[in-house]
Amino acid sequence: MAENTTTASNFVQNAIDEDLKNGKYGEGIHTRFPPEPNGYLHIGHAKSICLNFGLAKNNAGLCNLRFDDTNPTKEDVEYVDSIQEDVKWLGFSWDDRMFYASDYFEQLYAYAVELIKRGKAYVCDLSAEEIRQYRGTLTEPGRECPDRSRTVEENLALFEQMRKGDFADGSRVLRAKIDMTSPNIVMRDPVIYRISHTVHHRTGDAWCIYPMYDFAHPLSDAIEGITHSVCTLEFEDHRPLYDWLLESLGFASDSRPRQIEFARLNITNTVMSKRKLRQLVEGGYVSGWDDPRMPTISGLRRRGYTPESIRDFCDRIGIAKSNSLVDVGMLEHCVREDLNESADRIMAVLHPLKIVITNYPEDKEENLLAENHPYRGGQRYVPFARELYIEQDDFMEEAPKKFFRLKPGGEVRLKHAYIIKCEEVIKDEAGQIVELHCTYDPDSKSGGLTSGRKVKGTLHWVAAKYALTAEVRLYDYLLKTEEQEEEPADFLAALNPESLEVIENALIEPSAAWTAAGTRYQFLRQGYFCVDKDSAKGQLVFNRIVGLRDSWAKAKKE
RNA sequence: UGGGGUAUCGCCAAGUUGGUAAGGCACGGGAUUCUGAAUCCCGCAUUCGUUGGUUCGAGUCCAGCUACCCCAGCCA
C-alpha cells in the first residue's frame with residue numbers, strides 16, 4: 001500500500017525545486033485547491049486535490065481550499081458543503097485556510113479601479129454579440145472597440161455606475177486593454193467584469209457586477225500568497241493574461257504566484273465532465289451525485305472505495321502534460337489492494353444450493369472458529385450444521401477436468417470447516433437440482449491435528465438455519481460502454497444498459513451482523529463488498545466494488 | 001502561411017548538464033495457498049511519432065515533416 005509518499009517525481013515538483021533552489025519564495029511554497037461550487041467533486045478533482053495538498057505537504061508548505069465562486073448563476077451552498085466533506089474525507093486538511101473568491105470582491109473591485117487608473121482597463125458598451133464579432137477569429141485579428149479610447153475619468157465613473165446597478169445585465173463590461181491583434185485570443189481585451197443582477201449564495205445582493213475567472217484568479221492567488229497556482233492544461237493560453245494582470249498591478253515578478261498546468265484525468269469508460277454528470281443527476285438517470293455508479297468522490301465513497309485507495313491511485317497515475325486515458329483497471333487495482341489488506345472476510349452465498357451432510361447428526365451444531373483476515377488476525381465463530389448452502393456455481397454435475405470445486409463423488413473443503421464429499425445429487429421431477437447429499441470427514445476439521453489433508457478446492461458456505469439475509473447491490477459502475485464522442489443526446493444513449501442497479505439478496509453468515517455498519521468486508525470468491533453506511537438500517541447492505549479476478553470464471557469463458 | 005500544447009512498452013509514467021531506456025497497471029510462466037484471491041519468484045521497449053543532421057556517442061542538441069489535444073463564454 002502506498003504510504004502516500006508522493007516521492008514520484010513530476011514536472012511540477014521539478015519546477016518547485018528549481019524555484020526553491022533559486023531562493024524564490026523564501027517563505028516556503030503555498031498552493032491552493034480552487035473548485036467552483038457548481039457540482040460535486042469527482043475522481044478528476046481528487047487528482048488535483050492530491051497534487052496540491054501533496055505538494056504542500058512534501059515541501060513543508062501550505063495548501064488552501066478556495067471556492068472560486070465568481071459566477072452566482074451556477075453556484076450553490078449545497079456544493080460548497082459537499083466539497084468540504086469530500087476533501088476532508090480524502091484525508092486532507094486546509095486547517096483554518098478556507099477562503100472564497102467572493103471574500104475578495106471588495107479588494108478585487110479596488111484592483112479593477114487601479115487597473116483603470118493605470119489606463120489598462122476600460123468600460124465597453126458593446127453587446128455580447130458585438131464583442132464576439134470584434135474579437136476576430138482564430139486566424140483573423142480582432143478590431144478595437146470604439147470605447148477603448150475612453151478617458152480614465154470616464155471609465156472610473158462608468159465602472160462605479162456599473163457597481164451601483166445603474167445598468168442592465170449585459171449592457172456593459174469592463175475589459176482589460178491589451179491587444180486586439182494578439183494571436184492569442186485570450187489577450188484580445190478580455191472581459192474582466194460583467195453585470196449580473198443575480199443573488200450570490202454568499203454575498204446576496206451586495207453586488208451586481210462580478211469578476212471573471214481570468215481576473216479573479218491571479219489576484220486571489222496573489223492575495224493569499226499562493227506561490228504555485230497549479231491548474232489544468234486548458235488554461236495554458238490564459239497564463240499570459242495571468243502574468244499580465246499581476247505585472248500591470250505591480251506585483252513583483254520574483255515573488256508573485258506562478259501558474260503551472262498539468263493534464264486532467266481521464267479514465268476509460270468513465271464520464272468525467274461535470275456537465276454530463278449533472279445531466280445524469282438532473283435527468284434522473286442516477287439517484288443523485290452520490291449514486292454508487294457515479295465517479296464522484298461521494299459515489300465512490302458509497303461504493304466502498306477508501307480514501308487511501310483513491311490517494312494511492314492519484315499517486316500512481318502521475319502528473320504530466322500529455323492527455324492520457326488511464327485504464328479503469330488501475331483504479332480497481334487500488335481498491336482491491338487496499339481492501340485485501342484491510343477488509344475482514346465473511347462468507348456469503350448469492351445463489352444458494354442446499355447441501356445436507358448426511359453423516360452429520362441432525363441435532364448437532366458447532367461453532368467453528370474462523371479467521372477474520374488471513375494475516376491480520378481476528379477471529380469469530382461461525383455456526384455449522386447438517387444443512388448448509390453453497391453457491392450454485394460451486395457445483396457442477398458434469399464438470400470439466402480442471403474444475404476444482406464440488407462435483408459428484410468429488411471432495412472439497414468447506415472454508416473454516418470440514419472436507420465434504422458429494423455422494424448424491426437430488427433432483428425434482430423437472431430434473432432441476434434441488435439439493436446435494438454429502439458426507440463429511442470428521443477428522444478434517446480446520447485447525448485440527450488431522451486437518452492437513454489437501455483437497456483442491458475450498459468453498460464458502462452458510463448454515464441454512466442461521467443464514468441472514470442481506471441486501472446486495474451489484475453495480476456495473478461504468479457508465480459508458482465504450483469510448484466514443486458523444487453529443488448530449490448520444491451521451492445518454494451510450495450509457496451502458498447494464499449499469500443498472502441490480503439488487504439481490506445474499507445469505508450471509510450471522511457473524512457479519514455483529515459488526516457495525518461501515519465495516520468493510522470481503523466476500524469469499526464473490527469479490528469485495530462493503531456495508532453501505534447510508535442504507536444499513538436493520539439490514540446489511542453490500543455494494544460490490546469489484547469482483548475478484550477469478551481464473552475459473554476466465555476458464556469458463558473459453 | 002492564427003496561437004498554445006503533447007508525442008517513451010497494450011495503459012499510465014520516470015528519464016538530471018548528450019553516455020548507451022526506472023517503476024506501476026495489464027499480460028505470460030513457475031512456486032505456494034483452507035479465498036482458482038493474495039503472496040513469492042521469473043519474463044515482458046536493441047528502442048523512445050517520423051525523416052534527416054551534429055557527435056566517438058542522442059529519448060535527451062539542431063532542422064523538417066506527421067498525428068493528436070486546447071482556444072473565437074459577459075463559464076471556470
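Just so you know, these numbers use all the heavy atoms, side chains as well, and skip hydrogens, waters and symmetry mates. Throughout, protein chains are lettered first and strands after them, A, B, ... in sequence-line order, and every chain is numbered starting at 1. On a predicted model such as this, the values are computed, not experimentally measured, just so you know.
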May I ask you to verify if any side-chain N or O of A:Ser324 is less than 4.0 angstrom from the OP1 or OP2 atom of B:A13?
-> yes

Looking at A:Arg135, does any N or O in its side chain come under 4.0 Å of the phosphate oxygens OP1/OP2 on B:G2?
-> no

Roughly how far apart, to the nearest Å, are B:C48 and B:C61 at atom C1'?
-> 16 Å

On RNA chain B, more 5' by nearest nucleotide between A:Pro183 and A:Phe235 is A:Pro183

Exactly one candidate in A:Tyr104, A:Tyr193, A:Trp244 meets ring pair (Phe, Tyr, Trp, His ring centres under 6.0 Å) with A:Phe215; the answer is A:Tyr193

Taking atom C1' in both B:C65 and B:A7, compute the distance separating them and give it to the nearest angstrom.
-> 14 Å

Has the side chain of A:Thr270 got a donor or acceptor atom that lies under 3.5 Å from a matching backbone atom of A:Thr268?
-> yes

Rounded to whole Å, the CD-P distance (A:Gln13 to B:U16) equals 16 Å

Does the base of B:G3 carry an N or O that pairs as donor and acceptor with the side chain of A:Asp237 under 3.5 Å?
-> yes

Check for a donor-acceptor pair, side chain of A:Asp344 on one end and backbone N or O of A:Gln522 on the other, with a separation under 3.5 Å.
-> no

What does A:Val191 touch in the nucleic acid at a heavy-atom separation under 4.0 angstrom: a base, only the sugar-phosphate, or nothing?
-> sugar-phosphate

N or O in side chain of A:Ser9 less than 4.0 angstrom from B:G15 OP1/OP2 | yes

Which part of the nucleic acid, if any, lies within contact of A:Tyr210, taking any heavy atom under 4.0 Å across all strands shown: a base, the sugar-phosphate backbone alone, or nothing?
-> nothing

Aromatic ring centroids of A:His217 and A:Tyr213 under 6.0 Å?
-> yes

How would you label the contact of A:Ser196 with the nucleic acid (heavy atoms, under 4.0 Å): base, sugar-phosphate, or nothing?
-> nothing

Under 3.5 Å: donor-acceptor pair, side chain of A:Arg175, backbone of A:Asp189 | yes

Assign A:Met212 to base, sugar-phosphate, or nothing according to its heavy-atom contacts below 4.0 angstrom with the strands shown.
-> sugar-phosphate

Of A:Glu236 and A:His416, whose nearest nucleotide on RNA chain B comes first from the 5' end?
-> A:Glu236

Using Watson-Crick and G-U wobble pairs whose two distances are both under 3.5 Å, how do you write the pairing of RNA chain B as dot-bracket, with | for links to another strand?
-> .((((((..(((......[...))).(((((.......))))).....(((((..]....))))))))))).....

Check whether more than 12 heavy atoms from other residues, nucleotides or ligands sit under 6.0 Å from atom NZ of A:Lys421, and answer yes or no.
-> no

When we call it a touch if two heavy atoms are under 4.0 Å apart, what does A:Ala320 touch: a base, just sugar-phosphate, or nothing?
-> sugar-phosphate

For A:Pro374, which contact category applies under a 4.0 Å heavy-atom criterion: base, sugar-phosphate, or nothing?
-> base

Classify the nucleic acid contact of A:Leu138 as base, sugar-phosphate or nothing, counting any heavy atom under 4.0 Å across all strands shown.
-> base

Give A:Ile192 one of three labels, base, sugar-phosphate or nothing, depending on what nucleic acid heavy atoms sit under 4.0 Å from its own.
-> nothing

Looking only at side-chain N and O atoms, does A:Ser322 come under 4.0 Å of OP1 or OP2 in B:A13?
-> yes

Applying ring pair (Phe, Tyr, Trp, His ring centres under 6.0 Å) to A:Tyr418 and not counting sequence neighbours gives A:Phe384, A:Tyr440

Just checking A:Leu459: base, sugar-phosphate only, or nothing, at a heavy-atom cut-off of under 4.0 Å?
-> nothing

Check whether any side-chain N or O of A:Asn14 sits under 4.0 Å from OP1 or OP2 of B:A14, and answer yes or no.
-> no

Reckon A:Arg316 has a side-chain N or O less than 4.0 Å from the OP1 or OP2 of B:G23?
-> no

Inspect the surroundings of CZ in A:Arg278 and state if more than 12 heavy atoms from other residues, nucleotides or ligands are less than 6.0 Å away.
-> yes

For B:G73, glycosidic torsion class - syn if within 90° of 0, otherwise anti | syn

For A:Lys321, report the nucleic acid contact type (base, sugar-phosphate, nothing); a contact means any heavy atom under 4.0 Å.
-> sugar-phosphate

Rounded to whole angstrom, note down the C1' distance from B:A22 over to B:A13.
-> 9 Å

